[in-house]
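As structure tokens, the structure follows; a few thoughts come after it.
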Amino acid sequence: INRPEKMRNNNKGFTISELLLVFVVVFIVGFFMMPVIRYNRVRMDKAICANNLRQIGLAMYIYAQEHEGRFPDAMKTLYEDQYLSDVSLMDCPASKSVGTLGMPDYIYTAGLNVKMSSLGSLVCDKAKNHENNGKNILHVNGDVFWEKK
């Protein structure tokens, strides 16, 4: 008498309950990670903005060395005279609008020179750029600082 061998279940897929469990775990981890991701995004935007100001400041100092210590009358002069070539430096990543050469996301204080007070504000963020948490400021001495509100 032939007895059938014990039947084996050769299904190699996942059950619905296993898939549901994985989905729930991924959702919960994602839910708790959202504040961390948002916080890191804000910090990254501040750092990119500060880097933009450093590059603008470097171009301004090169301009000033070639123009008797005077900074340009307008920031777009840096592009017109080819001290800067990347227009995206006028865009603060934290701003909701896109900064352009005609409407930058930064405020420039014209009429300054390299001999002015080193803590004077040369270029700074517009108030709306970082959701009123503060702003990056490029001082006349070339340093960029974050100022909390």
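With hydrogens and angles ignored, the 3.5 Å screen pairs no side-chain donor or acceptor of N51 with any backbone N or O of R54. No donor-acceptor pair under 3.5 Å is formed between the side chain of Q65 and the backbone N or O of I62. With hydrogens and angles disregarded, no donor-acceptor distance shorter than 3.5 Å links the side chain of N136 to the backbone of L53. N52 places a side-chain N or O within 3.5 Å of a backbone atom of D91 that can act as its donor or acceptor partner.
The minimum heavy-atom distance linking Q55 with L84 is given by the pair O-CD2, 4.0 Å. The minimum heavy-atom distance linking M90 with P104 is given by the pair SD-CB, 3.5 Å. Contact record, C92 with D105: N-OD2, 2.9 Å, taken as the closest heavy-atom pair. Nearest heavy-atom pair, G69 versus N113, reported as atom, atom and distance to 0.1 Å: O-CB, 3.0 Å. Closest of all the heavy-atom pairs between C124 and S121 is CB-OG, 3.9 Å.
Note on K96 versus E131: salt bridge recorded, some NZ/NE/NH1/NH2 to OD/OE distance being below 4.0 Å.
Taking the ring axis of W146 as reference, the NZ or CZ atom of K46 stays within 45° of it and closer than 6.0 Å to the ring centre.
There is no path of hydrophobic side-chain contacts, each under 4.5 Å, that joins L78 to I107. No continuous path of ILVMFWY side-chain contacts below 4.5 Å connects V42 to M44, so the two sit in separate hydrophobic clusters. Residues V140 and F145 do not share a hydrophobic cluster, clusters being chains of Ile/Leu/Val/Met/Phe/Trp/Tyr side chains in contact below 4.5 Å. Under the 4.5 Å side-chain contact rule for hydrophobic residues, L89 and M103 do not share a cluster. Grouping the Ile, Leu, Val, Met, Phe, Trp and Tyr side chains by contacts below 4.5 angstrom, directly or via other members, places V25 apart from V22.
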*Between M60 and Y108, does a side-chain contact (heavy atoms from CB on, under 4.5 Å) hold up when you go through it step by step?*
CA-CA 11 Å; M60 291 219 178; Y108 173 59; 3.2 Å; yes
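For E68, the CD atom counts as loosely surrounded, since its 6.0 Å shell holds 12 or fewer non-hydrogen atoms of other residues, nucleotides or ligands.
The shortest distance between side-chain heavy atoms of M75 and V123 falls below 4.5 Å. For the pair H139/V144, no side-chain contact is recorded, criterion being any heavy-atom separation below 4.5 Å from C-beta on. Counting heavy atoms from C-beta outward, S97 and K128 have side chains that approach closer than 4.5 Å. With a 4.5 Å cut-off on side-chain heavy atoms, L122 and L112 count as touching.
Taking F71 as the reference, Y61 meet the ring-ring contact (aromatic ring centres under 6.0 Å, His included) condition, with sequence neighbours excluded.
For the atom pair CD1 (I137) and OH (Y106), the distance works out to 13.0 Å, reported to the nearest 0.5 Å.
Counting only residues at least two apart or on different chains, the side chain to side chain donor-acceptor pair (under 3.5 Å) pairs with a member in residues 73-87 are E66-Y83, D86-S88.
Inspection of the H130 and D125 side chains reveals an N or O donor paired with an N or O acceptor under 3.5 Å.
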